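Computation of the quantities below employed the complete heavy-atom set of this structure, encompassing side-chain atoms and omitting hydrogens, waters and symmetry-equivalent molecules. Owing to the predicted nature of the structure, the values given are computational and were not obtained by experimental measurement. Each ligand, and each atom within it, is numbered from 1 in the order the structure gives.
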Amino acid sequence: MMDRIRIVGGRPLKGTIPISGAKNATLPLMIASLLSEETLTLDNVPRLADVSLLQRILGNHGVDVTVSGKRAGETADHGQTLRLSAERIVDTTAPYELVSKMRASFWVIAPLIARMGEARVSMPGGCAIGTRPVDLLIMAVERLGARIEIDGGYVVAKAPKGLRGAEIVFPKVTVGGTHTAMMAASLANGTTVIENAAREPEIVDVAECLNKMGARISGAGTQQIVIEGVARLGGARHAVLPDRIETGTYAMAVAMAGGEIFLQNGRPHLLQAALDVLNQTGVTVSPTKEGIRVARNGAELAPVEVTTAPFPAFPTDLQAQLMALMTRARGTSRIVETVFENRFMHVQELVRLGARIHLEGERATIEGVERLKGAQVMATDLRASVSLVIAALAAEGETIVNRVYHLDRGFERVEDKLARCGAAIERLPG
Ligand code: UD1
């Protein structure tokens, strides 16, 4: 739990990095298994702490989860296969001890209310990045006919006669809200129209899987999603799409360290906005059929101005990594974070490495410096921790990243993937 990562900066990266299945698709896909009595088989599932934790949470509701062993010729680079069977739901309560550890587990409210007519789910509570409320998720199930009460920190939802289709208009784009509405509406009676839906690729992936299970969803990936409710959903087999955030993170790592990396299975159209920004910095990005090649050979990094926003704009989940990269640009960069308030915890730690960053509300101004210098750092969220790894790759001397737990929640074998490309990086078991 208290592992640390040691990095000695200054080495260029060269080689291939295999991109894992997307964490942010895996979690809602696993939750979708609650919608059916039959087995949902998921391929290309990443080995992450968040996936193991969600296995425990779903187990608590009665979902039987089995992980297939490796088949002949498979390595750790192949994702896992998970079989999830929710034949019988034994408990419709998601307790505080579990939900407070992972916000996305709140989303079980949708399949539980849709299939069982009741759900009792703890409010997620405090979180390192901003307030992150769940009011819009509650609004969505309420619109579908659930009665909602808040009782002792729990959201209690009841719909004894089942849910009915409705129009759900989100005043703000929310990924979790869209997943929740889509899952609940799949088993509602009648048609649901979601307006101002999130367009993230993970929404499209979940919609495709739900349709394989027998749902009737159209328009996923656009601002309007239409769902014709069905009486029941069946089993299916689905491979999780590649992780666009992991892809963008390693693209920034090679931009920082220099060298040339092939991001195997990376799909350019999933992160075009980020690749465009990298192009502006002077990095060479070449999409191929099998992945994306990223190179920086000696050239300086040009500064950029970037505003985070929902897909297809530049993702908030790559903001910290881009900021790490810009600490070494020649000139002044500006980043505006519009998705989450307070998503700047990495700033103080980057400053410990010698970065010059000025914060004003949702705006960060980054003045590129000639050199960063290794130090002890830590981070309290997962994107922030990986930004420290990126900075360390270009810092002189040794950097120790503490609290690696956050990294393990969302990035599969970071130290392995980078070490194989020549980085001086190792895990120090705690
Ligand atoms: C998901 C991603 C996360 C990513 C985020 C934004 C997963 C598991 N997590 O989180 O990595 O950073 O999308 O791309 O997929 N909001 C409300 N009320 C609500 C819900 C959200 O005000 O009921 C606000 C949030 O505070 C935030 C904004 O809406 O300011 C977007 O949040 P949302 O898209 O819901 O993020 P998550 O689904 O939690």
Side-chain angles (χ1 to χ4, degrees), residues 21-32 46 48-51 53-54 57 99-110 121 123-143 148 150 155 157 168-184 194 196-207 223 240-241 243-246 248-249 270-271 273-274 307-322 336-346 362 381-387 406 409-411:
K23 171 182 89 83
N24 284 355
T26 302
L27 302 180
L29 285 166
M30 289 172 70
I31 289 173
L48 298 172
D50 268 8
V51 170
L53 178 58
L54 186 55
I57 293 173
V99 180
S100 59
K101 287 200 184 114
M102 183 175 50
R103 277 186 52 88
S105 60
F106 185 86
W107 303 349
V108 299
I109 194 169
V121 182
M123 309 266 266
C127 172
I129 46 173
T131 44
R132 295 186 89 174
V134 286
D135 56 321
L136 300 176
L137 283 70
I138 295 173
M139 178 277 279
V141 284
E142 207 165 20
R143 290 285 305 152
I148 303 285
I150 309 292
V155 179
I168 301 171
V169 183
F170 284 113
K172 182 172 190 177
V173 175
T174 154
V175 172
T178 305
H179 281 308
T180 308
M182 218 164 55
M183 283 194 250
I194 305 173
N196 199 25
R199 289 181 281 165
E200 268 64 6
E202 293 75 24
I203 300 281
V204 179
D205 205 42
V206 171
Q223 278 156 325
V240 179
L241 92 169
D243 196 316
R244 64 196 164 97
I245 303 304
E246 191 194 24
T249 299
L270 300 181
L271 72 158
T307 299
T308 66
F311 191 86
F314 190 94
T316 175
D317 285 349
L318 285 174
Q319 181 256 108
Q321 297 89 317
L322 177 68
V336 184
E337 170 60 59
T338 71
V339 180
F340 289 111
E341 50 186 290
N342 304 336
R343 198 176 209 181
F344 281 131
M345 283 87 43
H346 43 286
E362 57 176 31
D381 94 47
L382 103 104
R383 311 305 177 183
S385 355
V386 84
S387 79
H406 290 289
R409 286 189 47 204
F411 289 93

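- Glu337 and Thr316 form a side-chain donor-acceptor contact under 3.5 Å, judged by distance and modelled atom types alone.
- In the vicinity of Gly176, heavy-atom distances shorter than 4.0 Å reach the ligand 1 atoms 35 (O), 38 (O).
- Looking at Met183 and Pro28, their side chains come closer than 4.5 Å, going by heavy atoms from C-beta outward.
- Summarising the contacts of atom 29 (O) of ligand 1 with Lys172, Arg103, His179, Glu341, the nearest heavy atom is found in Lys172.
- The shortest N or O to N or O distance between Lys23 and ligand 1 is not below 3.5 Å.
- The closest approach between a heavy atom of Gly177 and any atom of ligand 1 is not below 4.0 Å.
- The shortest side-chain heavy-atom distance between Glu362 and Phe340 does not fall under the 4.5 Å cut-off.
- Closest heavy-atom approach to atom 31 (C) of ligand 1 within the set Leu318, Val175, Val173: this belongs to Val173.
- Each of the following atoms of ligand 1 lies closer than 4.0 Å to a heavy atom of Trp107: 7 (C), 8 (C), 15 (O), 38 (O).
- Atom numbering of ligand 1 starts at 1 in the shown order; those under 4.0 Å from a heavy atom of Thr316 are 6 (C), 12 (O), 14 (O).
- Checked options Arg244, Lys23, Arg343; the residue passing with Asp317 is Arg343 (criterion: side chain to side chain donor-acceptor pair (under 3.5 Å)).
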task: Go through Glu202 and His179 one step at a time and tell me if the side chain to side chain donor-acceptor pair (under 3.5 Å) criterion holds.
output: CA-CA 9 Å; Glu202 293 75 24; His179 281 308; over 6 Å; no
message: Pair Arg103, Val134 - check side-chain contact (heavy atoms from CB on, under 4.5 Å), show working.
response: CA-CA 10 Å; Arg103 277 186 52 88; Val134 286; 3.9 Å; yes
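- Contact between Met102 and ligand 1 is absent, with no heavy atom of the residue lying under 4.0 Å from the ligand.
- No side-chain heavy atom of Ile109 sits under 4.5 Å from any side-chain heavy atom of Leu137.
- Taking distance alone, with nitrogen or oxygen atoms compared against 3.5 Å, Leu27 stays at or beyond that limit from ligand 1.
- Checked by distance only, ligand 1 and Phe340 stay at 3.5 Å or farther apart across all their nitrogen or oxygen atoms.
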